[in-house]
Protein chains: 2
Amino acid sequence: MPNKKKIAESAISRLSVYLRILEDTVAAGESTVSSQAMASQSGTTAAQVRKDLSLFGSFGRRGLGYSPSDLVSRIRRILGLHRRWKIAVIGLGRVGSALVEHRGFFDRGFDIVALFDTSEFKVGSNLHGLQVHHIDEISRVVHDKKIEVAVLTVPVEAVPDIIDLIRDSGIKGVLNWTPARLTLPDTIEVKNVNMVMELEALSFKLSQRE
Amino acid sequence: MPNKKKIAESAISRLSVYLRILEDTVAAGESTVSSQAMASQSGTTAAQVRKDLSLFGSFGRRGLGYSPSDLVSRIRRILGLHRRWKIAVIGLGRVGSALVEHRGFFDRGFDIVALFDTSEFKVGSNLHGLQVHHIDEISRVVHDKKIEVAVLTVPVEAVPDIIDLIRDSGIKGVLNWTPARLTLPDTIEVKNVNMVMELEALSFKLSQRE
DNA sequence: CTAGTATTGTGAAGTATTTCACAAGTAAAT
DNA sequence: ATTTACTTGTGAAATACTTCACAATACTAG
Ligand SMILES: NC(=O)c1ccc[n+]([C@@H]2O[C@H](COP(=O)([O-])OP(=O)(O)OC[C@H]3O[C@@H](n4cnc5c(N)ncnc54)[C@H](O)[C@@H]3O)[C@@H](O)[C@H]2O)c1
Ligand SMILES: NC(=O)c1ccc[n+]([C@@H]2O[C@H](COP(=O)([O-])OP(=O)(O)OC[C@H]3O[C@@H](n4cnc5c(N)ncnc54)[C@H](O)[C@@H]3O)[C@@H](O)[C@H]2O)c1
């Protein structure tokens with residue numbers, strides 16, 4: 001909440017990386033860590049690390065370095081991870097159900113608390129201890145459970161059918177697994193996970209090598 | 001192969017987006033498309049579209065626009081998609097098997113042709129018509145089948161056990177689903193898919209809103 | 001043939017991001 | 001006390017990326 005200065009996307013993803021490194025550093029019992037140490041473990045430069053941190057404050061001590069445990073809480077707070085987030089998964093096919101069963105999200109502060117589908121075989125059933133709701137109930141459930149983020153893992157063809165429901169559900173952010181380009185108001189943050197685009201970027205880089 | 005000029009990562013992912021839009025344009029039977037039309041469908045600006053394309057050549061006609069079908073083949077070739085790619089999946093758990101059964105990769109030029117695991121229940125069995133090999137066979141299979149890319153979907157704890165095998169297997173690129181930071185020579189391209197980092201970026205943006 | 005409208009390709013200008021480089025702070029050794 | 005070895009924080013410089021703006025080209029209408 002201090003400043004609404006524009007922060008680069010790239011700086012944010014580096015902070016995520018630093019956070020993991022620092023958690024390892026804390027676990028290893030180290031009491032200080034230098035920007036150089038963070039840089040070499042994250043594949044960037046010491047100057048970049050210091051600049052990234054300095055966007056949010058002065059967290060280190062000259063001559064000494066940073067306190068890993070202090071920095072962990074600083075970065076958690078910067079990234080909004082000092083609280084837990086409630087997530088809904090929409091579409092419980094192969095990807096959706098893999099996500100629901102994955103404990104890695106819970107471990108990092110993200111609680112999957114509601115599931116939605118349309119299939120008559122799935123609605124009403126239980127998955128990993130959670131009841132599957134019909135997508136038409138999304139507004140009510142999002143409101144009741146105070147859900148903020150939806151992970152969208154429906155077939156791309158289903159997107160037009162549900163985009164309005166999502167828009168009006170009160171959801172604040174979407175992690176979109178479908179290859180569709182979602183049209184949502186910019187009051188809703190959208191992040192896309194697109195495996196094919198990643199493979200295409202690999203293809204480009206490998207092709208360039210000749 | 002024309003120029004090895006450095007091309008921004010961001011430009012490449014936009015080209016992937018343009019490609020999808022152009023395929024739709026072709027399917028809709030349009031015979032021309034303007035940079036403005038591509039821009040509005042992809043959420044960028046007409047100048048950006050033209051600049052991105054001009055990094056690789058002059059593909060349009062002044063006053064007229066571009067030929068969608070011509071541009072599709074141009075971009076396919078730029079991205080290295082004028083040929084098919086052979087992919088191996090390493091780790092056939094929830095995520096790995098979801099990927100294997102997904103036809104979206106095949107549809108866009110990526111053939112999953114080999115599977116690896118260590119579990120005695122999986123090695124030797126069949127998945128989606130493919131035999132599961134033991135990871136120790138990776139070098140032989142990669143060589144025999146001329147595989148270039150591996151998708152890594154093993155538990156993060158297994159990464160140290162297999163990183164050397166991957167390094168020496170002849171694989172040219174890795175799509176890494178694990179949260180581990182892979183240490184591979186830079187003759188091997190690595191792309192990371194990290195769901196938690198995406199959620200953290202969402203968390204940051206939603207937190208900034210207050 | 002001319003006027004009017006559309007649209008590309010691209011240097012130049014404008015922003016954004018990364019890297020440099022150094023003053024300033026810390027501690028240990030002597 | 002002074003020297004030496006480290007290390008941060010941050011303006012300034014360098015690089016990278018995006019946007020601007022306009023000459024060049026194409027077509028249609030009159
Ligand atoms: N499987 C993969 O490896 C993979 C990889 C990358 C991207 N994706 C994308 O992820 C998405 C899901 O893929 P999948 O393989 O899990 O698909 P899937 O077909 O296995 O599952 C889709 C699920 O969505 C449900 N569904 C259908 N219409 C719905 C609606 N209107 N509302 C709510 N739920 C609905 C279905 O009942 C089903 O349970 C697709 O868009 C796919 O392109 C998949
Ligand atoms: N499940 C998810 O939603 C999800 C989401 C994001 C990232 N991930 C990551 O993807 C990876 C896989 O996740 P998952 O949920 O599919 O795990 P999983 O436990 O379901 O499957 C892992 C598979 O890897 C195999 N394996 C173990 N050691 C191996 C080795 N040395 N060589 C080859 N195969 C080996 C196992 O036999 C198993 O089949 C993990 O690193 C996880 O953090 C998973």
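Letters go in sequence order (proteins before strands), and every chain restarts at 1. None of these values were measured; they are calculated from a predicted model.
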With a 3.5 Å cut-off and sequence neighbours excluded, list the donor-acceptor pairs that the side chains of residues 180-191 of chain B form with protein atoms.
{"residue": "B:Arg181", "atom": "NE", "partner": "A:Gln41", "partner atom": "O", "Å": "3.4"}
{"residue": "B:Glu189", "atom": "OE2", "partner": "A:Arg209", "partner atom": "NH2", "Å": "2.7"}
{"residue": "B:Lys191", "atom": "NZ", "partner": "B:Glu9", "partner atom": "OE2", "Å": "2.7"}

Give the table of side-chain donor-acceptor pairs shorter than 3.5 Å for residues 30-38 of chain A, with sequence neighbours excluded, one pair per line with atom names and distance.
{"residue": "A:Ser34", "atom": "OG", "partner": "A:Gln36", "partner atom": "N", "Å": "3.4"}
{"residue": "A:Ser34", "atom": "OG", "partner": "A:Ala37", "partner atom": "N", "Å": "3.0"}
{"residue": "A:Ser35", "atom": "OG", "partner": "A:Arg50", "partner atom": "NH1", "Å": "3.1"}

N/O donor-acceptor pairs under 3.5 Å from side chains in residues 91-99 of chain A, not counting sequence neighbours:
{"residue": "A:Arg94", "atom": "NH1", "partner": "B:Glu101", "partner atom": "O", "Å": "2.9"}
{"residue": "A:Ser97", "atom": "OG", "partner": "A:Gly93", "partner atom": "O", "Å": "2.5"}

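Summarising the geometry, the separation between NZ on B:Lys51 and P on D:dA16 is reported as 15 Å, rounded to the nearest angstrom. To the nearest angstrom, P of C:dT10 lies 14 Å from CG of B:Asp52. Between B:Arg74 atom CZ and C:dT8 atom C1' there is a gap of 14 Å when expressed in whole angstrom units. The distance from atom CZ of B:Phe59 to atom P of C:dT10 is 10 Å, rounded to the nearest whole Å. Atom pair B:Leu55:CG and D:dT18:C1' shows a separation of 11 Å (rounding to whole Å applied). Regarding B:Leu71, its CG atom lies at a distance of 14 Å from the C1' atom of C:dG9, rounded to whole Å. Distance CZ (A:Phe56) to C1' (D:dG9): 15 Å, rounded to an integer number of Å. One can place CZ of B:Arg50 at 14 Å from P of D:dC22, the figure rounded to the nearest angstrom.
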- Item | Letter per nucleotide, 5' to 3', of nucleotides 25-30 of chain D [B base touched, S only sugar-phosphate touched, - untouched; heavy atoms, 4.0 Å] | BSS---
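For the pair A:Leu152 and A:Ile166, the minimum side-chain heavy-atom distance is below 4.5 Å.
Not a single salt bridge (Lys or Arg N to Asp or Glu O under 4.0 Å) links B:Asp168 to another residue, sequence neighbours left out. Listed by chain and residue number, nothing satisfies the ring-ring contact (aromatic ring centres under 6.0 Å, His included) test with A:Phe204 (two or more places apart in sequence, or in another chain). With sequence neighbours left out, B:Asp70 forms a salt bridge (Lys or Arg N to Asp or Glu O under 4.0 Å) with B:Arg74. Taking B:Arg84 as the reference, B:Asp111 meet the salt bridge (Lys or Arg N to Asp or Glu O under 4.0 Å) condition, with sequence neighbours excluded. For A:Asp117, there are no salt bridge (Lys or Arg N to Asp or Glu O under 4.0 Å) partners at least two apart in sequence or on another chain.
Contacts with DNA chain D (heavy atom under 4.0 Å) in residues 41-48 of chain A: none are found. The stretch residues 8-22 of chain A touches DNA chain C through A:Ala8, A:Ser10, A:Arg14, each having a heavy atom under 4.0 angstrom from the strand.
Judged by distance alone, the side chains of B:Glu198 and B:Asn194 never bring a donor and an acceptor atom under 3.5 Å apart.
Sequence neighbours left out, not one pair with a member in residues 26-55 of chain B passes ring-ring contact (aromatic ring centres under 6.0 Å, His included).
Side-chain N/O atoms of A:Tyr66 include none lying less than 4.0 angstrom from OP1 or OP2 on C:dT26.
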